[in-house]
Every structure is written in C-alpha cells, then in structure tokens.
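Take a look at the structure below.
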Amino acid sequence: MNLVDGKILDTKDCDSVLESLDERILETLAKPPLTPKVVINACDKLVNTLDKSLYSSALAQAGIPEELADSYLAMARGMFSGEALRFRLKKEFGQDYDKVLKYTPVGGENEVTERILPLGVLLHIAAGNADGLPAFSVLEGLLTGNINILKLPAAEGGISIRLLYELIQIEPLLSEYIYVFDYSSQDIVHINKLIDAADAVVVWGGTGSVSAFRGMLPPHIKLIEWGHKVSFAYVTKDGREDGKLAGIAKNMAHTSQLLCSSCQGIFLDTDDTREIDDFCRRFLPILEEAVAASAKPTDIGIKAQTALRVYSSELEKIYTGDRLFKGNGCSLRACNNQIPEAAIGFANAWIKPLPCRQILKALRPYKNYLQTIALLCGEHEKDSLIADLLKTGAVRVCPGGRMSETYSGAPHDGEYPLRRYTKIASWE
C-alpha cells in the first residue's frame with residue numbers, strides 16, 4: 001500500500017506522484033513551517049482514540065499474539081501522548097526549543113540569531129524487524145518539522161500505514177508532510193527518485209542495508225544510520241535467580257531475537273565450561289516455558305531455515321567444541337569463545353564464559369556493534385559492572401525483561417534522534 005495526500009493508492013498510481021514530487025515538496029516548503037504543536041496535538045488525539053479492533057487485522061497479519069498486541073498498543077499510547085512528545089523535545093533541545101536565540105558572541109560586536117530548523121526532506125528506509133517502527137520514524141521527522149518519505153519494508157504488515165492514515169484524518173495539514181511508498185528495495189529506479197528528493201536518508205537495518213544505501217547516496221545527501229547492533233545478557237553467580245532468568249527467556253521468545261535490543265545470548269561470569277553446561281541445563285526449561293507462553297506463529301519457511309541452522313550447528317560442534325542443548329522449540333549452544341554475535345534466532349541462543357575481570361578486553365573490540373546488556377547480578381556488584389559494561393561501547397544496561405522495552409525520551413543507539421533531523425541556522 002502507498003499513502004499520498006492522505007489517500008491509499010496502488011503502486012501503479014504512484015508514478016505520476018513521483019514525477020511531480022519535487023514540485024509538491026517546493027509548494028510545501030513555501031508555506032509556513034510545520035510546528036511541533038500541530039504534530040503533538042494530532043498525536044495526542046490519536047492515542048486517545050487508539051483501538052485494538054482498528055488494527056486487529058494488521059496485528060494478526062504481522063503474527064503478533066493478543067497479549068503482545070496489547071503491550072504494543074500500550075507502548076504506542078505512551079510514546080505518542082502529548083506529554084511524552086513535549087518531554088522529548090525539551091529533553092533533546094532544552095526548554096526553549098521553539099524559541100529564536102539572539103546573542104552577541106564573546107569578543108564580537110554584531111548580534112547573532114540562531115534557530116533550530118528542520119533538515120527539509122527525510123527519506124526513511126525502515127526495517128521490518130519491529131512492528132510499527134516505520135510510523136514512529138516518520139513521527140520523529142514530523143516533530144522536527146520535516147517532510148517525510150517512507151519506504152515501507154517488505155515485511156510490514158500494514159500497522160504503520162494505518163497509524164499514519166489515522167493521524168492524517170485527525171490533522172489533514174499533515175497529509176503533505178507524509179508520503180508512504182511500497183517499492184521494493186530492488187527497484188533502484190524508483191528508490192533513486194526518492195533519494196533525489198531528500199535532504200537526508202534515514203536507514204534502519206543491518207550492515208548490508210546501510211552499506212547499500214551508503215553506496216547509492218551522492219555526497220550532498222546526508223546519511224543517518226540506525227544500524228545493526230548486538231545485545232546480550234551478563235549473569236554473575238549472584239544473579240542466577242529463576243525469576244530474573246525468566247525475563248531474559250521472555251525477551252528471546254517474544255522478540256524472536258530479531259531486534260537490535262533482543263537478547264542474542266548470555267555471558268556467564270565464569271571460565272569453567274562445566275559451569276556453562278550446568279547453566280544450559282538449568283536455563284533450557286525456563287526458555288521452553290517462555291516459548292510455549294509466547295505462542296507467536298512463525299512462517300513455515302523461517303521455521304525450516306532455523307531448523308537447518310540448528311542442525312548445522314550440531315554438526316559443526318565436532319570442530320568448534322560447542323555443546324548443543326535442544327529443547328521444545330528452542331536450543332542453547334554452549335560455546336568456548338567470547339564473541340558477542342547474532343544468534344540463530346527464534347529462541348536459539350548461545351551461552352559463553354566471560355569472567356568479569358576480562359569484560360573490557362573481550363568486548364571492547366566490538367564497541368561499535370554493542371547496544372543493550374541485561375545485567376543479572378548481586379546488588380554489591382551492580383555499580384562496578386555497569387561501569388565496565390558501558391566502557392565496552394554498549395549504550396544501555398537494564399534488567400532482562402526490559403531489554404526491548406523503551407521509555408519516553410529514550411535515545412536511539414546512544415544518540416538523540418531529533419537532533420540529527422535538524423540543523424542550527426544562524427544569521428546576523
């Protein structure tokens with residue numbers, strides 16, 4: 001589906017829109033700028049009328065079970081509320097984010113005027129690993145006054161386009177600031193036309209996606225990347241409580257380990273391989289229980305691919321020395337190395353030894369790839385371990401059950417996104 005002028009269009013009807021896209025953008029830019037107040041008021045009305053029944057078909061198509069759907073909608077209500085959005089703007093830009101700043105520079109004579117302005121046009125290349133993320137990316141562009149062009153990911157189940165459509169119905173002014181196109185990433189001709197219209201391209205996705213678009217962009221178009229990251233848990237002896245471990249297992253099962261914040265595996269504070277194996281035997285039934293409770297349907301093709309990768313892992317253990325612990329709908333691979341890597345996925349995780357004294361040495365080489373770490377430890381260990389884990393390059397430490405949960409005003413990969421979608425203009 002495509003969304004132009006607040007209307008749902010077939011892809012075949014979009015060619016004429018692309019031909020006139022530059023003219024449309026110029027007409028919008030010639031008007032008074034979009035203010036945060038307009039966007040906030042529209043979003044606030046949207047969350048107050050957000051009804052699961054409106055999105056039930058899209059949620060079902062995306063394979064989201066009812067329990068998870070309720071939590072997603074609750075999260076959307078919190079993040080789209082007027083209070084939350086005003087808080088974000090003040091947090092990222094300061095109390096006077098909507099004011100013009102005038103001052104005489106130190107040692108200068110002329111008064112300088114500065115103002116935060118939008119970049120202009122953002123092209124969002126969204127990833128399909130988080131339901132509703134494309135709509136949220138567009139929302140951030142709207143908050144900063146930008147015109148937003150969204151290229152939907154192939155796996156988008158219709159949730160994002162439904163949210164944006166409802167937002168435009170509430171505030172028709174937003175229709176000329178939101179374009180959604182359903183072109184394939186392989187459709188280079190149309191993708192290049194979208195790139196040409198943009199001031200910046202916002203890419204969500206893995207290394208391959210980011211590299212592909214970096215190669216396509218001309219030098220004068222800014223690339224804003226939210227790239228592939230790895231997240232995991234770190235567990236000490238005092239943190240091995242079944243209740244805490246259940247939070248990690250729930251994250252693996254509910255997210256299918258597909259998000260950058262999903263737990264890919266667990267590092268144990270030990271250098272004893274027998275202890276790793278014992279932990280696998282203890283954790284496996286906890287993970288099995290979480291998988292059974294998640295009841296998240298998986299595409300048959302993905303199931304086959306996952307089963308094949310697990311089988312390959314079992315064959316490779318002859319050469320790697322790994323030990324495989326297979327459960328019902330999940331598995332654990334006990335490893336000897338200390339590499340934070342992406343797991344097979346779909347509740348097939350790794351368990352590795354990492355004594356606390358080796359944390360920096362082992363993890364620092366992966367500083368640009370680390371994101372969220374779930375820390376399970378004793379209270380007396382907490383402060384020193386958090387300090388060491390953050391020095392590795394990771395940007396968030398939290399309890400296991402909250403790894404993929406966000407909060408109002410949370411940064412993306414350690415950066416404030418709204419700042420990246422704006423520029424500071426000055427004149428005198």
Side-chain angles (χ1 to χ4, degrees), residues 1-29 31 34 38-39 41-43 45-47 49-51 54-62 72-73 76 79-80 118 120-128 130-185 187 189-204 421:
M1 291 189 291
N2 304 271
L3 182 63
V4 178
D5 293 332
K7 301 173 184 175
I8 305 295
L9 300 179
D10 289 332
T11 301
K12 60 182 175 59
D13 298 325
C14 290
D15 285 350
S16 60
V17 175
L18 283 189
E19 292 302 321
S20 62
L21 189 57
D22 287 340
E23 293 177 13
R24 288 168 172 266
I25 289 171
L26 289 175
E27 288 178 8
T28 303
L29 292 175
K31 299 176 181 179
L34 180 65
V38 171
V39 179
N41 288 343
C43 289
K45 290 178 182 176
L46 176 65
V47 297
T49 58
L50 206 55
D51 183 353
L54 291 173
Y55 302 91
S56 57
S57 60
L59 292 167
Q61 186 178 344
Y72 278 6
L73 289 173
M79 295 170 71
F80 278 67
V121 180
L122 301 180
L123 170 59
H124 303 261
I125 308 297
D131 306 297
L133 174 63
F136 190 69
S137 186
V138 170
L139 170 61
E140 292 178 328
L142 290 172
L143 267 180
T144 45
N146 290 284
I147 298 169
N148 298 270
I149 304 171
L150 169 63
K151 192 204 83 65
L152 284 176
E156 224 289 323
I159 299 173
S160 290
I161 203 164
R162 185 68 195 239
L163 283 168
L164 295 174
Y165 177 81
E166 295 292 339
L167 193 63
I168 292 171
Q169 303 314 300
I170 292 170
E171 178 49 79
L173 177 63
L174 298 178
S175 64
E176 57 186 301
Y177 289 88
I178 300 174
Y179 296 85
V180 181
F181 295 105
D182 199 10
Y183 294 121
S184 164
S185 296
D187 188 347
V189 173
H190 286 114
I191 298 299
N192 276 326
K193 287 184 178 180
L194 298 181
I195 289 173
D196 289 342
D199 292 271
V201 177
V202 182
V203 181
W204 299 78
Y421 302 159

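All values derive from a computational prediction rather than experimental measurement.
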### Query
What's the verdict on side-chain contact (heavy atoms from CB on, under 4.5 Å) for C43 and L167, showing C-alpha distance, side-chain angles and the deciding distance?
CA-CA 7 Å; C43 289; L167 193 63; 4.0 Å; yes
### Task
Return yes if some donor-acceptor pair links the side-chain N/O of D182 with the main-chain N/O of L152 below 3.5 Å, else return no.
no
### Query
With side chains defined as the heavy atoms from C-beta onward, is the minimum distance between V39 and Y177 less than 4.5 Å?
no
### Message
Rounded to the nearest 0.5 Å, what separates atom CD1 in I161 from atom CE in M1?
### Response
4.5 Å
### Task
Would you check, one step at a time, whether the test side-chain contact (heavy atoms from CB on, under 4.5 Å) holds for L142 with V38?
CA-CA 10 Å; L142 290 172; V38 171; over 6 Å; no
## Note on the structure
Separation between NZ (K193) and CZ (F181), nearest 0.5 Å, reads 11.0 Å
#### Entry: Within-4.5 Å side-chain heavy-atom neighbours: V138 and V180
no
### Message
Taking the side chain as everything from C-beta on, heavy atoms only, tell me whether L164 gets closer than 4.5 Å to L150.
### Response
yes
#### Entry: Atom OH of Y165: over 12 foreign heavy atoms under 6.0 Å
no
### From S137 atom OG to I125 atom CD1, the distance as rounded to the nearest 0.5 Å
9.5 Å
### Message
Counting C-beta onward and ignoring hydrogens, is there a side-chain heavy-atom pair between E171 and N41 closer than 4.5 Å?
### Response
no
#### Entry: Gap separating the CD1 atom of I159 from the CZ atom of F136, nearest 0.5 angstrom
15.0 Å
### Task
Calculate, to the nearest 0.5 Å, the distance between atoms CZ and CG belonging to R162 and L3 respectively.
11.5 Å
### Where at least one partner belongs to residues 139-153, residue pairs that pass side chain to side chain donor-acceptor pair (under 3.5 Å), sequence neighbours excluded
R88-E140, H124-N148, E140-H412, T144-N146, K151-S185
## Note on the structure
When rounded to the nearest 0.5 Å, the distance separating CD1 of I191 from CG of L123 is 7.5 Å
### Message
Is any side-chain heavy atom of D199 closer than 4.5 Å to one of I147?
### Response
no
#### Entry: Side chain S175, main chain D5, donor-acceptor under 3.5 Å
no
### Message
Looking at E27 and K31, is any side-chain nitrogen of the basic one under 4.0 Å from a carboxylate oxygen of the acidic one?
### Response
no
### Message
Within the structure provided, determine whether P153 and W204 are in side-chain contact (heavy-atom separation under 4.5 Å).
### Response
no
